[in-house]
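Side chains are part of it too, since the values below use all heavy atoms of this structure and drop only hydrogens, waters and symmetry mates.
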Amino acid sequence: MTQPRVMPDVALDRAATARALDRVGMAGIALPVRTRSATGEAMQVPAKVDVFVDLRDPDARGIHMSRLYLRLQHAFAAEEMTPDGLARVLHALVETQGELSRSAHLVIRFDHLLLRSALASANAGWKAYPVEVIADIVDGEVSIDLAVAVDYSSTCPASAALSRQMSAEAFAREFGADGSVDAAAVRDWLRSEAGMVATPHAQRSRADVRVRLAPGLSSLPIVELIDRIESALGTPVQTAVKREDEQAFAALNAKNLMFCEDAARRVAHALAHDPHVVRFDARVEHIESLHAHDAVASVSGEGGAR
């Protein structure tokens, strides 16, 4: 009778230098995850996942890494990713390690596609928003963070004021400082290149926001968080754009002049009143068109769930 083949397992050897480790695991695992669109339809998207556990036994040489991988393979393929589902997965990850671990750390990165209507025309287009779901369990306590990145346009208030001053001076030179002027002549002048003597500088900008979610949520408020940030900033970048949409976008920029400090405060105000959020960290970056460097502001605080 053939004896079963025994394969060596050096992971069972004692560590050469005894020491507990904070995190051991894998990064960049390719997995499908299920989430929901803005209209509520379930959709599957490709994701990259990092998974780690602690190694509490200082003498253990390694963790059971393959168990983590196999547990994740089908974790989110058949059901929507939810806070409850993430908690179940975290508990299972710790259980796969027996007595070796008591904490787990999970990061899920993917692009969330949203169909965005044009500002004025009947068109629409898809926009991808980078999303990270960060879930942790330590001694049975679960916490879930949600991070999103939102691109927007920022027009400099100082540059706008300087441009308005030059326009006023050009108007005075053209039509005189006193007396009445012909409305038709003014309209024609404003429509001409001579009537636009300066334009304020604007640039694509980005808000990177991470929030700690309130416990007890039934779903991940990805779309709600993105919508709240875009509404606060007022000038999200567009997808399908006809001339009427571009004109409407120019009007939005004129109504929402902002330094990076203004943008950070807008985002903070919105998150401070978000009932899904316990606390938040936000960073805005204006990728300058005037300077060779960028303007950055960061802000943190408590959310509306506190």
Could you give the distance from [atom1] ([X]) to [atom2] ([Y]), rounded to the nearest 0.5 Å?
X	Y	atom1	atom2	answer
Glu261	Met258	CD	CE	12.5 Å
Glu99	Asp57	CD	CG	10.0 Å
Ser101	Ile137	OG	CD1	11.5 Å
Lys127	Thr239	NZ	OG1	7.0 Å
Ile134	Arg212	CD1	CZ	9.0 Å
Gln203	Ile287	CD	CD1	8.5 Å

- Item | Leu86 and Ile108: CA distance, side-chain angles, deciding distance, side-chain contact (heavy atoms from CB on, under 4.5 Å) verdict | CA-CA 10 Å; Leu86 287 164; Ile108 304 166; 3.8 Å; yes
Taking all atoms of both residues into account, what is the closest heavy-atom pair of [X] and [Y], and its distance?
X	Y	answer
Phe259	Cys156	CE2-SG, 3.9 Å
Ala240	Asn123	CB-CB, 3.7 Å
Ala297	Ala264	CB-CB, 3.9 Å
Pro58	Arg56	CD-O, 3.2 Å
Ala47	Phe110	CB-CB, 4.0 Å
Val94	Ala104	CG2-CB, 3.9 Å

- Between Tyr69 and His64, a side-chain donor and acceptor under 3.5 Å: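 Short answer, no.
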- Query: Taking atom types as modelled and ignoring hydrogens, do the side chains of Ser153 and Asn253 form a donor-acceptor contact shorter than 3.5 angstrom?
  - Reply: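 Yes, side-chain donor-acceptor contact under 3.5 Å.
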Is a donor on one side and an acceptor on the other found under 3.5 Å between the side chain of [X] and the backbone of [Y]?
X	Y	result
Asp188	Ala185	no
Asp281	Ser300	no
Arg228	Ala270	yes
Ser289	Ala202	yes

- Message: Applying side-chain contact (heavy atoms from CB on, under 4.5 Å) to Val148 and Tyr129, what does each step give before you reach the verdict?
- Response: CA-CA 7 Å; Val148 299; Tyr129 297 85; 5.8 Å; no
Are [X] and [Y] packed together at the side-chain level, in the sense that at least one heavy-atom pair is separated by less than 4.5 angstrom?
X	Y	answer
Leu90	Leu106	yes
Leu233	Ser205	no
Val133	Ile144	yes
Val53	Thr96	no
Asp182	Phe175	no
Met65	Val24	yes
Arg187	Arg191	yes
Asp139	Ser103	no

Does atom [atom1] of [X] have more than 12 heavy-atom neighbours from other groups under 6.0 Å away?
X	atom1	answer
Asp22	CG	no
Met26	CE	yes
Glu288	CD	yes
Arg279	CZ	no
Gln247	CD	no

- Query: Does the side-chain contact (heavy atoms from CB on, under 4.5 Å) test come out yes or no for Val45 and His112, once each step is laid out?
  - Reply: CA-CA 8 Å; Val45 297; His112 194 90; over 6 Å; no
- Message: Students often mix this up, so state it plainly: with edges at 30° and 60°, are the rings of His273 and His269 parallel, tilted or perpendicular?
- Response: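 Plane angle between 30° and 60°, so tilted.
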Answer with yes or no whether the hydrophobic clustering places [X] together with [Y]; edges join I, L, V, M, F, W, Y residues whose side-chain heavy atoms lie under 4.5 Å apart.
X	Y	value
Leu113	Met81	no
Phe76	Leu70	yes
Leu146	Val278	no
Leu100	Val51	yes
Leu72	Val33	yes

- Basic-acidic side-chain contact under 4.0 Å: Glu132, Arg109: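 Salt bridge between Glu132 and Arg109, a charged N being under 4.0 Å from a carboxylate O: yes.
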- Walk me through it: do Val223 and Leu114 pass the test side-chain contact (heavy atoms from CB on, under 4.5 Å)? CA-CA 8 Å; Val223 178; Leu114 291 177; 3.9 Å; yes
- Task: Check the pair Arg116, Asp227 against salt bridge (charged side-chain N to carboxylate O under 4.0 Å, His left out), reporting the backbone distance first and the verdict last.
- Result: CA-CA 11 Å; Arg116 294 307 206 187; Asp227 286 346; 2.7 Å; yes
- Task: Identify the residue among Leu213, Leu271, Val150, Val131 that makes a side-chain contact (heavy atoms from CB on, under 4.5 Å) with Leu225.
- Result: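 Passing option: Leu271.
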- Task: Have a look at His105 and tell me which of Asp54, Asp136, Asp50 forms a side chain to side chain donor-acceptor pair (under 3.5 Å) with it.
- Result: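 Of the listed options, the one satisfying the test is Asp136.
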